[in-house]
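The structure appears right after this line, and notes come after that.
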Amino acid sequence: MNSGDRHVDTEPGRTAAGPGPDGAHRALADLPPGARGRVVTVTDDGSSRTARRLRDLGFTPGTVVEVVRRAPLRDPVVFRVKDYDLCLRRAQAACVRVVEVRP
Amino acid sequence: MTTSCHGVAGEGEVTAGQPRFALVGSPNAGKTSVFNGLTGLNAKTGNYPGVTVARFVGVCRTGGDSCLIEDLPGTYSLEPISPDERITVDVLDGRVAGVARPDALLVVADATTLRRSLPFVAQVLARSLPTCLVVTFTDELARRQGTLDVDALGEALGVPVLAVVGHRGRGVARLRDRLAEWGSWPTPVLAPPTDPDEVDAWAESVLEFAGYRAPERHRITQRVDAVLLHPLWGTLVFFAVMMLFFQTVFTLAAPLQGAVETVFGRLSELVSAHVGNRWLSGLLGDALVGGVGAVLVFVPQIMLLFLLLALLEGVGYMSRAAFLMDRVMARVGLEGRAFVALLSSFACAIPGIMATRTLPSARDRLATMMAAPLITCSARLPVYVLLIGLLVDPSYHVGPFGAQGLVMFGLYVLGAVSAMLAAWAFKKLGDHRGGLLPFHMELPPYRLPSPRSVLVMMWSSARAFLRKCTTVIAATSVLLWLLLNLPLHSAAELRAAGVDTTDRTAVSAYEVDHSYAAGLGRLAAPVFSPLGFDWRVNVGVLSAQSARETFVATLGQVSAAQDPENPARALRTMTYPDGPHAGERVFTAPTIAALLVYFAYALQCMATVAVLRRETGTWKWPAIAFTYLTGLAWVMAYLARTLTVWLGG
């Protein structure tokens with residue numbers, strides 16, 4: 001995806017992280033609590049509905065998301081996106097591809 | 001329902017029928033408090049055709065006129081991903097049979113999350129209906145150092161914008177005035193973009209124009225969540241809250257219950273002292289005061305439980321509990337919010353079933369509704385207390401625990417485990433056409449709910465319970481009393497049967513044994529005799545069909561005990577009057593075990609059936625629930641009896 005390259009470019013420190021766009025992206029679900037990521041793209045998990053709903057909830061490209069905390073059994077996870085706290089299961093959070101942002 | 005005039009009414013003036021407004025917004029935007037503020041508490045609930053989505057319509061007075069407000073299901077988008085969400089869109093487009101297209105729209109958006117809500121507002125504005133934006137939680141925005149110029153926002157959007165602090169009632173009067181002049185609301189000169197790639201930039205420019213500064217993070221919420229959602233402390237607090245919940249059921253409410261009991265005892269004495277006529281006194285004293293009183297005793301407890309639930313919900317803990325329990329609920333295919341619905345069911349299945357409205361998926365809602373009646377509700381409590389009292393000696397202990405308490409605990413566990421299994425089965429069997437919905441849930445900041453909103457929430461739950469007491473249970477008690485006392489027997493008839501007419505107890509025993517109720521109880525014998533029930537127990541079980549608590553009052557009446565409120569003594573020694581077991585004790589351990597298990601499973605609650613009908617919109621689901629639960633009750637009771645007989649050697 002081209003939008004991915006664009007965002008990688010805005011993060012000069014991250015360009016070396018991987019050769020292609022996918023190398024720089026990480027799944028939001030893989031970020032530890034406290035980390036922040038800028039949304040690059042939202043992928044499908046088999047149905048287009050998940051991607052659409054995640055966008056409705058505020059996971060639009062360019063938005064910065066913070067991982068707030070995980071539930072005691074590691075799932076679900078609370079994220080802070082567009083000024084509010086939202087909890088998603090890891091399976092859904094895996095659809096959001098981000099580049100990590102250093103605070 | 002009035003058919004709408006589709007905006008052809010004259011400018012600013014409504015000529016035909018009442019104008020209809022639809023409230024749209026995301027689930028936590030404060031839509032319901034705006035709706036309650038506008039319509040008072042007189043909302044009519046119904047159902048949308050074809051889906052299990054509750055429909056709320058209320059009347060709002062605007063000056064001398066009135067209008068209809070419809071509270072549409074909360075949604076994050078007008079691009080639906082489930083059949084339930086489709087309803088909102090279909091109503092806006094006038095595609096729902098029997099539901100006219102609204103004349104104008106009220107979009108409700110939380111001021112603290114405007115950045116997320118504006119794309120939704122853009123989608124609504126694209127519908128080209130007269131629209132007014134209602135911004136809520138502006139007080140909270142200001143408290144958290146955020147800013148918003150409401151008038152500038154209106155200018156940027158091209159539609160009227162009003163700030164309403166719904167739960168404090170601020171701004172509602174101005175909104176009412178605005179509704180009256182809906183015909184002259186401005187419309188946007190340029191429709192906002194709805195293309196996902198452009199809408200973010202549009203939203204940013206609008207927010208900038210409106211001088212919007214997002215609120216600071218709510219520091220209290222951050223600190224409290226650090227504890228309440230902590231892997232260790234959060235789990236401990238969660239169990240502490242659950243303990244408090246059950247302590248309310250068993251300890252806190254006890255003195256209040258005692259007080260209600262005393263009042264009804266007095267009332268009963270008054271009736272027997274002042275009403276001379278035996279029939280009238282029996283009908284008033286035994287049937288109404290005794291029957292309804294036996295149930296109203298549980299009002300303090302139910303009220304306290306509802307108060308606790310409303311407080312936990314209002315403060316924001318319920319979504320945290322749902323967050324903590326999501327993983328556990330996922331094991332049976334449900335999500336965290338289903339836990340909240342099942343928790344409410346410990347008070348009463350009715351608010352539990354109503355709480356399933358918060359579940360976005362229809363399949364989850366149905367599975368939870370089918371499971372909710374299995375949770376040990378407070379109506380089972382009097383029955384359990386009575387039967388356990390007959391089964392287990394109060395002095396018997398297992399280690400430090402009283403054996404009676406352990407049996408009670410076991411029944412609660414049985415109910416909860418069965419409910420989870422039932423939910424799992426219904427989720428598996430359910431309609432798979434809708435597919436799975438992605439799970440998401442907002443964690444709103446902790447808020448101090450206004451006393452009014454807590455009381456409103458408590459009252460709306462308690463109302464259903466009180467209505468059950470005054471209608472279903474009162475009617476059942478009276479009917480039962482009549483069945484037990486009819487037909488009449490003349491003195492000659494009694495003498496002919498060898499009854500000493502001067503002995504009140506003997507007469508009453510003969511009358512009860514030859515009543516219509518006895519006939520009915522004997523008729524049910526083929527069904528219930530494998531479980532060890534005699535006709536009197538059958539009458540109790542049949543009368544409890546309308547409401548479980550009635551069982552206690554019925555056995556009191558049936559056993560013709562001196563004290564109908566405490567039939568335990570008379571019951572303990574009750575024997576089979578006839579049949580193959582004549583002379584044997586009725587309440588043996590196997591029979592009591594069967595009864596307890598029967599009550600744990602059977603759907604003996606008219607009010608629950610009615611709520612299932614209302615929430616699902618068809619008779620199909622209450623019929624399924626009734627059949628499977630009653631069948632399961634019989635089978636499990638039979639197993640319990642067999643097991644107890646086997647264990648007893």
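Numbered from 1 within each chain, the chains take letters A, B, ... in sequence-line order. Bear in mind that the values here come from a model prediction, so they are computed numbers and not experimental data.
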*Top contributor to chain A interface from B:Leu324, B:Asp225, B:Thr112, B:Thr113 [non-hydrogen pairs under 4.5 Å]*: B:Asp225
*Measure from NZ or CZ of B:Arg447 to the centre of the six-membered ring of B:Phe137 and say whether it is under 6.0 Å with the direction within 45° of the ring axis.*
yes
*Considering only NZ, NE, NH1 and NH2 on the basic side and carboxylate oxygens on the acidic side, decide whether B:Asp93 and B:Arg127 come within less than 4.0 Å.*
yes
*Between B:Glu216 and chain A, which part of the residue has a heavy atom less than 4.5 Å away: side chain, backbone, both or neither?*
neither
*Say whether B:Ser319 and B:Arg337, considering side chains only, have a donor N or O and an acceptor N or O under 3.5 Å apart.*
no
*Flag the pair A:Arg53 and B:Glu85 as a salt bridge only when some basic side-chain nitrogen lies within less than 4.0 angstrom of an acidic carboxylate oxygen.*
yes
*Is the shortest distance from a Lys or Arg side-chain nitrogen in B:Glu442 or B:Arg116 to a carboxylate oxygen in the other one below 4.0 Å?*
yes
*So which of A:Leu57, A:Val78, A:Thr50, A:Thr60 has the largest heavy-atom pair count under 4.5 angstrom toward chain B?*
A:Leu57
_Is A:Arg89 close to chain B through its backbone or its side chain, or both, or neither, when contacts mean heavy atoms under 4.5 Å?_
both
*Using non-hydrogen atoms and a 4.5 Å limit, figure out which bit of B:Pro80 sits close to chain A: side chain, backbone, both or neither.*
backbone
*asked:* If we define contacts as heavy-atom pairs under 4.5 Å, which of A:Val81, A:Val68, A:Thr63, A:Leu73 has the most with chain B?
replied: A:Leu73
*asked:* Among B:Asn28, B:Leu114, B:Leu229, which residue has the highest count of heavy-atom pairs closer than 4.5 Å to chain A?
replied: B:Leu229
*Carboxylate-amine/guanidinium contact A:Glu100 A:Arg36, below 4.0 Å*: no
_Which atoms of B:Ala330 approach chain A - backbone, side chain, both or neither, heavy atom under 4.5 Å_ = both
*With sequence neighbours excluded, tell me which residues meet side-chain hydrogen bond (donor to acceptor under 3.5 Å, both in side chains) with A:Arg55.*
none
*Using distance alone, with no hydrogens and no angle criterion, decide if B:Gln222 and B:Tyr446 have a side-chain donor and acceptor under 3.5 Å apart.*
no
*Assign the ring pair A:Phe79 / A:Phe59 to parallel, tilted or perpendicular, where the plane angle (0 to 90°) is split at 30° and 60°.*
perpendicular
*A:Asp75 and A:Arg90 ion-paired at < 4.0 Å*: no
*With chain B, which of A:Pro72, A:Ala91, A:Cys87, A:Ala93 has the greatest number of heavy-atom pairs at distances under 4.5 Å?*
A:Cys87
*Donor-acceptor pair, side chain of B:Thr136 and main chain of B:Ala29, under 3.5 angstrom*: yes
*Anything in residues 200-213 of chain B with a heavy-atom distance to chain A below 4.5 Å? Please list those residues in order.*
B:Asp200, B:Tyr212
*asked:* What part of B:Arg144 gets within 4.5 angstrom of chain A, counting heavy atoms only: side chain, backbone, both, or neither?
replied: side chain
